[in-house]
Amino acid sequence: MPRLWAKAKSVNLDIAHKPAQFIADVATLYSAEVIVFEHLDTQGKKRGSKKQKLHHWRAQAVQRIVADKTHRDGVRVRRICAWNTSRLAFDGSGEV
């Protein structure tokens with residue numbers, strides 16, 4: 001079974017690298033100064049024998065990879081509280 005879990009780990013790492021590379025490329029294309037991520041709380045348990053191991057753990061990896069890739073270009077990465085981010089307007093003018 002270790003070989004099977006090693007393959008699953010490499011597939012999940014590849015899944016994390018692709019969107020991270022896309023986010024970093026778009027940020028450098030549009031000369032972004034800051035990339036903002038929501039700080040997501042991934043607490044809780046998933047039912048099943050190995051589901052917990054494969055659930056919610058790549059979101060943090062994508063943010064870490066984006067931070068590493070964009071740090072070279074001088075782009076900052078910030079994490080904000082996810083509370084009310086969907087309800088408030090993106091320009092800061094108030095509720096949508």
Side-chain angles (χ1 to χ4, degrees):
M1 295 307 274
R3 209 178 286 163
L4 181 63
W5 281 109
K7 185 173 182 176
K9 183 178 179 180
S10 67
V11 167
N12 281 329
L13 189 61
D14 186 51
I15 289 171
H17 273 281
K18 287 179 182 177
Q21 184 65 46
F22 177 75
I23 292 169
D25 289 343
V26 169
T28 56
L29 178 68
Y30 291 107
S31 303
E33 294 178 10
V34 178
I35 297 175
V36 178
F37 287 115
E38 289 182 352
H39 179 72
L40 300 174
D41 185 23
T42 56
Q43 299 290 330
K45 287 283 194 180
K46 294 296 285 184
R47 295 179 188 242
S49 62
K50 298 292 182 182
K51 288 181 183 177
Q52 181 67 36
K53 200 170 191 179
L54 295 174
H55 185 73
H56 281 310
W57 65 299
R58 283 292 134 189
Q60 300 291 331
V62 169
Q63 292 180 8
R64 183 179 38 82
I65 293 167
V66 168
D68 292 342
K69 288 181 182 289
T70 57
H71 179 71
R72 292 179 230 139
D73 297 330
V75 179
R76 293 174 295 165
V77 174
R78 297 288 179 245
R79 289 174 182 84
I80 60 168
C81 178
W83 190 260
N84 282 338
T85 55
S86 297
R87 190 182 335 175
L88 301 177
F90 64 93
D91 59 355
S93 61
E95 293 192 17
V96 177

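Counting begins at 1 with the first residue of the sequence.
When all heavy atoms of Val62 and Ala20 are compared, the pair lying nearest together is O-CB, 4.0 Å. When all heavy atoms of Arg64 and Arg79 are compared, the closest pair comes out as N-NH2, 4.1 Å.
For the atom pair CG (Leu13) and NZ (Lys18), the distance works out to 11.5 Å, reported to the nearest 0.5 Å. The OG1 atom of Thr28 sits 11.0 Å away from atom NZ of Lys69, with the distance rounded to the nearest 0.5 Å. Rounding to the nearest 0.5 angstrom, the gap separating the CD atom in Gln60 from the NE2 atom in His39 is 7.0 Å. Note: Arg78 CZ to Glu33 CD = 11.5 Å, rounded to the nearest 0.5 Å.
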Checklist line | Audit row: Ile65, His17, side chain to side chain contact (heavy atoms under 4.5 Å, CB included) steps and yes/no | finding: CA-CA 7 Å; Ile65 293 167; His17 273 281; 3.8 Å; yes

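Linking ILVMFWY side-chain heavy atoms closer than 4.5 Å, directly or via other members, places Tyr30 and Ile23 in two distinct hydrophobic clusters.
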